[in-house]
Every structure is written in structure tokens, then in C-alpha cells.
Visitor: 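Quick one: the structure is below, and I'll ask about it shortly.
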Amino acid sequence: MTITVALFGIAREIVGQPSIALDAPAGQSAAGLLAELRSAYPGLAGLRSLAVAVNSEYAADDVVLHERDEIALIPPVSGG
Amino acid sequence: MTITVALFGIAREIVGQPSIALDAPAGQSAAGLLAELRSAYPGLAGLRSLAVAVNSEYAADDVVLHERDEIALIPPVSGG
Amino acid sequence: MQIDLTDQPIDVAAVLQAAESAEAGAVNAFIGTVRNRSEGRRVVRLHYEAYPPMALRQLARVAEMAQEKWPMLRKIAITHRHGTLEIGDVAVVVAVSTPHRADSFAACEYIIDTLKEVVPIWKKEEYEDGTVWVAAHP
Amino acid sequence: MQIDLTDQPIDVAAVLQAAESAEAGAVNAFIGTVRNRSEGRRVVRLHYEAYPPMALRQLARVAEMAQEKWPMLRKIAITHRHGTLEIGDVAVVVAVSTPHRADSFAACEYIIDTLKEVVPIWKKEEYEDGTVWVAAHP
């Protein structure tokens with residue numbers, strides 16, 4: 001399946017684009033996606049934290065991703 | 001000497017007027033004034049607290065009153 | 001420091017603005033309004049009586065004490081209203097600014113707590129069947 | 001509950017008003033503004049980037065969590081700005097109302113503290129000689 005990952009803040013700058021489309025195995029987990037992205041973009045590994053959001057909620061490591069999910073990478077937030 | 005005592009809130013209502021003029025001995029203290037007023041107006045004794053203010057400051061018991069001081073009786077405050 | 005006592009409606013935004021500072025990222029504000037109930041009774045309106053010169057002096061003292069306890073306080077603005085207030089009217093606004101937010105909460109709460117203990121302002125609650133001077137008796 | 005994310009200047013008074021209630025005598029508000037210094041460096045301006053649908057969802061969650069912890073909360077209003085902000089501009093306003101004041105301070109502080117941990121908004125500080133994404137690195 002193909003999943004699209006939206007990127008924000010410093011993660012967007014590290015990757016160099018506002019979103020990426022990836023081929024992912026069926027049953028890909030949030031943790032699996034994180035590992036893959038950290039390997040493809042080593043700059044992401046230097047961040048204080050990095051989370052995956054699925055459909056506007058933070059996803060636990062074992063959450064399984066689906067093609068139609070709205071997926072985003074969440075670097076350390078700093079609102080307020 | 002004659003001192004004038006300004007009255008507010010429930011103290012004003014108990015005494016029935018916004019200020020009272022009193023003959024006071026030279027050297028009258030804040031505590032002495034309070035005792036005299038409580039005796040003259042027993043309703044004051046039922047209040048949760050009663051303080052004397054001299055020139056816009058709370059007066060300790062042993063503060064000596066003078067004729068030109070601006071003296072006030074302060075019943076329990078409830079601003080805010 | 002901006003201290004005010006007024007018998008006119010309080011301009012809340014103006015008090016907040018008086019507390020803002022380019023050097024302080026955090027503003028905390030407390031706004032006390034007239035509730036429609038008090039200890040189970042329906043309140044119709046409130047009457048605040050003040051001893052103006054002493055109230056202003058004591059409001060300033062409270063602000064000075066807060067400034068001593070929280071030296072990082074940049075600005076302090078306090079406005080208290082007196083006279084007759086209807087339900088929903090703003091009775092008091094306290095606003096402070098600090099570089100970091102935890103201090104703004106602590107200092108603002110200290111100011112309103114202390115104000116209620118020392119500032120000579122008295123509140124008479126009016127119910128449908130009478131009035132009571134708040135907290136006057138034990 | 002009134003939750004908003006906007007790229008326009010925040011009307012602070014309107015947010016406060018949205019939190020007022022005739023049943024609640026206490027309103028506490030936190031206003032976060034852009035400071036001219038950060039960790040010793042002079043800040044020229046700030047850029048806030050948001051992930052809007054998730055930011056709105058998480059702001060609402062924070063408000064819901066506060067309502068669970070403080071069931072006496074009457075109203076909660078939160079507005080966060082994004083885009084480019086100049087020194088002194090208001091970035092966020094949190095306002096809550098409760099019948100008694102101590103709860104209003106505690107709930108408002110909880111909301112802003114939690115907001116800063118979970119809401120997907122990112123702040124880039126611009127200095128005279130560069131920019132930094134705040135808190136991105138350990």
C-alpha cells in the first residue's frame with residue numbers, strides 16, 4: 001500500500017518537503033514507520049521526540065496504518 | 001482631644017451613622033478606642049473582626065491616636 | 001504598577017493591556033464577576049462599599065508585597081469596582097506579567113487572595129428577601 | 001467550550017467573554033505573548049506553524065481532560081494563533097470560569113501546561129542572525 005505522511009516544523013525542514021508518499025507493507029505499524037523514516041532521514045533521529053499521528057490522534061507504537069489514514073509526523077511541539 | 005472615626009459597611013449600619021466624633025484622653029491607643037466603641041455599640045462585638053486604621057494603614061493595638069489622624073473602623077473586609 | 005478603584009464598569013482589556021510587557025511572555029489575569037448564587041441563595045445584585053484612600057493604599061501595598069515575593073514580575077495592574085453591580089458585572093481584575101508562566105499564576109493568585117484579606121472594600125449581597133454583609137459575622 | 005485556531009490577531013476580550021458565566025464568579029485567563037528575548041538572545045519575531053485539524057482536536061481534548069479533572073468548570077475558551085507574530089503579539093489565550101477562584105487558577109494552569117505538551121503547533125524563533133525551532137533538540 002501507499003501511505004502519505006504529512007510533515008511539520010523541523011521534520012518538514014529535515015526531509016525538505018511538506019509530505020512524503022511511501023510504499024509500506026500491509027500491517028505496517030506506527031513504530032515501523034518511525035524506524036523507516038529515521039533510517040531514511042538520519043536528521044530525524046536527533047530530535048528530542050518524534051511521534052506518529054493517525055487521524056489527528058497520537059498513535060501508540062503498535063497502531064496499524066491503513067492507506068486512507070491521515071498520517072503525520074509530529075516533532076517536539078512548542079505551542080503556547 | 002476630639003477624634004473622628006469613619007465607619008464603613010456593617011459597622012456604619014450598627015452605629016447608624018457614617019462617622020462619629022469622640023472625646024478621647026491624650027495618649028488613647030487603637031486598642032483603647034476599640035474597647036470604648038465595643039462597649040458603646042455592643043453590636044460591634046459580634047463581628048468576626050474589627051480593626052482600627054490610622055491614615056490608611058492598619059494600626060497595631062498600641063498605636064497612639066492623634067487629633068489630626070484620619071481614623072477609621074474596619075469591619076471584616078469582603079472585596080474581590 | 002497600575003492601581004485603580006472606580007464606580008464605573010471596568011474595561012477588562014485595558015487592565016490586561018496595562019500588564020503586558022515586551023519583556024514578559026506570560027500574562028495571568030483574574031477576573032471576579034458577580035455570581036447569581038451565593039451559598040445556595042439567589043443573588044439579585046451586589047453593593048460594594050469602599051474606603052477609597054485606604055483601599056487604594058492597600059491595593060498598592062498588596063502589589064508591592066507581590067513584587068517583593070516575585071522580583072521577576074514586570075507589570076501589575078489591579079482595578080476594583082465599587083457601587084451597585086448586577087449579575088455578570090466585573091467586580092475586580094488583577095493582571096500580572098512575568099517572563100515565565102508559572103510565576104504569573106502564583107503571583108496573580110497571591111494578589112487576589114491577599115486583596116480579599118486586607119483591602120477595605122465591603123460587599124453586601126442583595127437577595128429577593130433581604131441583604132447580608134458578606135463574611136461580617138463568625 | 002470554545003476552541004479556535006486563527007492566523008489573525010486574537011481578540012483577547014472576546015475570548016474572556018466566552019469564558020464568563022453568571023454561575024461562575026471566577027475567571028482566570030492566561031495570555032501568552034511574544035517576548036523580545038529567549039534564553040539571552042534577542043528575538044526579532046516568531047513563526048508558529050500548526051497542523052490545523054489535529055491542533056483543534058488536541059485543544060479540545062485538553063479542554064475535555066480539564067473538565068474531567070475539575071467538574072465545576074463552567075466554561076473553557078482557548079484560542080491559539082499561528083503564522084508570523086511580532087514582539088508583543090498575543091500567541092495564545094486560555095480562559096476558564098469556576099464558582100470559586102482557586103479552581104480557576106488550577107484548571108487554567110493545567111490547560112496551558114498540557115497544551116504546550118500535546119498540541120501540534122511549532123514555534124520558530126527568528127533572531128537577527130538566524131532561526132531556531134524551539135525545543136526541537138535535546
Side-chain angles (χ1 to χ4, degrees), chain C residues 10-17 19-40 42-43 45-46 74-75 85-113 115-116 123 125 134, chain D residues 10-17 19-40 42-43 45-46 74-75 85-113 115-116 123 125 134:
Chain C
I10 297 176
D11 181 344
V12 177
V15 181
L16 264 58
Q17 217 153 13
E20 285 174 13
S21 158
E23 292 163 2
V27 175
N28 188 264
F30 177 80
I31 299 134
T33 63
V34 179
R35 288 176 69 192
N36 60 8
R37 299 197 74 75
S38 175
E39 294 176 20
R42 197 162 91 76
V43 175
R45 62 181 63 79
L46 280 189
R74 294 305 162 106
K75 293 197 179 172
L85 276 72
E86 307 293 332
I87 304 304
D89 281 354
V90 173
V92 63
V93 179
V94 177
V96 305
S97 56
T98 58
H100 301 290
R101 71 184 182 283
D103 298 318
S104 74
F105 280 91
C108 187
E109 189 162 21
Y110 169 84
I111 290 172
I112 185 67
D113 286 354
L115 181 161
K116 284 171 176 272
K123 182 159 57 184
E125 286 179 343
V134 174
Chain D
I10 298 177
D11 181 343
V12 176
V15 181
L16 263 58
Q17 218 154 14
E20 285 175 13
S21 157
E23 291 163 2
V27 175
N28 187 263
F30 176 81
I31 299 135
T33 63
V34 179
R35 288 176 68 191
N36 59 9
R37 299 197 73 76
S38 175
E39 294 176 21
R42 197 162 90 78
V43 175
R45 61 180 65 78
L46 281 188
R74 293 305 162 105
K75 292 198 179 169
L85 276 71
E86 307 293 331
I87 305 302
D89 281 354
V90 173
V92 62
V93 179
V94 177
V96 305
S97 57
T98 58
H100 301 290
R101 71 183 182 282
D103 298 319
S104 74
F105 280 91
C108 187
E109 189 161 22
Y110 168 84
I111 289 173
I112 185 68
D113 286 353
L115 181 162
K116 284 170 175 271
K123 182 159 56 184
E125 287 180 343
V134 174

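Within every chain, numbering begins at 1; the chains are lettered A, B, ... in the order of the sequence lines, protein sequences first and strands thereafter. Just so it is clear, the values below take in all heavy atoms, side chains as well, and ignore hydrogens, waters and symmetry mates.
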Visitor: Need one label for V34(D): side chain, backbone, both or neither, based on atoms under 4.5 Å from any heavy atom in chain C.
Guide: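 Backbone only.
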Visitor: Tell me the salt bridge (charged side-chain N to carboxylate O under 4.0 Å, His left out) pairs involving residues 20-33 of chain D, sequence neighbours left out?
Guide: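 Residue pairs passing salt bridge (charged side-chain N to carboxylate O under 4.0 Å, His left out), neighbours aside: E23(D)-R74(D).
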Visitor: For R37(D), enumerate each residue passing the salt bridge (charged side-chain N to carboxylate O under 4.0 Å, His left out) test, keeping only those at least two apart in sequence or located in another chain.
Guide: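 Result, salt bridge (charged side-chain N to carboxylate O under 4.0 Å, His left out) vs R37(D): none returned.
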Visitor: Among all residues two or more places apart in sequence or in another chain, which pass the salt bridge (charged side-chain N to carboxylate O under 4.0 Å, His left out) test with R35(D)?
Guide: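 Result, salt bridge (charged side-chain N to carboxylate O under 4.0 Å, His left out) vs R35(D): none returned.
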Visitor: Would the distance check show the side chain of N28(D) and the main-chain N or O of I31(C) forming a donor-acceptor pair, the cut-off being under 3.5 Å?
Guide: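 No.
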Visitor: Aromatic rings F105(D) and F105(C): how do their planes relate, parallel, tilted or perpendicular, breaks at 30° and 60°?
Guide: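 Taking F105(C) first and then F105(D), their aromatic rings stand perpendicular (interplane angle over 60°).
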Visitor: Between A22(C) and I87(D), what is the shortest heavy-atom contact and its length?
Guide: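 Looking at all heavy atoms of both residues, the closest pair is CB-CG2, 3.8 Å.
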Visitor: Under 4.5 Å, heavy atom to heavy atom: which of residues 93-101 of chain D reach chain C? Give them by number, or say none.
Guide: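 Interface residues of residues 93-101 of chain D: P99(D), H100(D), R101(D).
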Visitor: Given a strict heavy-atom distance threshold of 4.5 Å, which part of A102(D) is in contact with chain C: side chain, backbone, both, or neither?
Guide: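 Its backbone and side chain both get close to chain C.
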Visitor: Pick one of side chain, backbone, both or neither for D89(D), based on which atoms fall under 4.5 Å of a heavy atom in chain C.
Guide: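 For D89(D), neither part sits under 4.5 Å from chain C.
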Visitor: Who wins among V12(D), D11(D), I112(D) for the most heavy-atom pairs under 4.5 Å with chain C?
Guide: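 When all of V12(D), D11(D), I112(D) are compared, I112(D) has the most.
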Visitor: Between A24(D) and chain C, which part of the residue has a heavy atom less than 4.5 Å away: side chain, backbone, both or neither?
Guide: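 A24(D) touches chain C through backbone heavy atoms alone.
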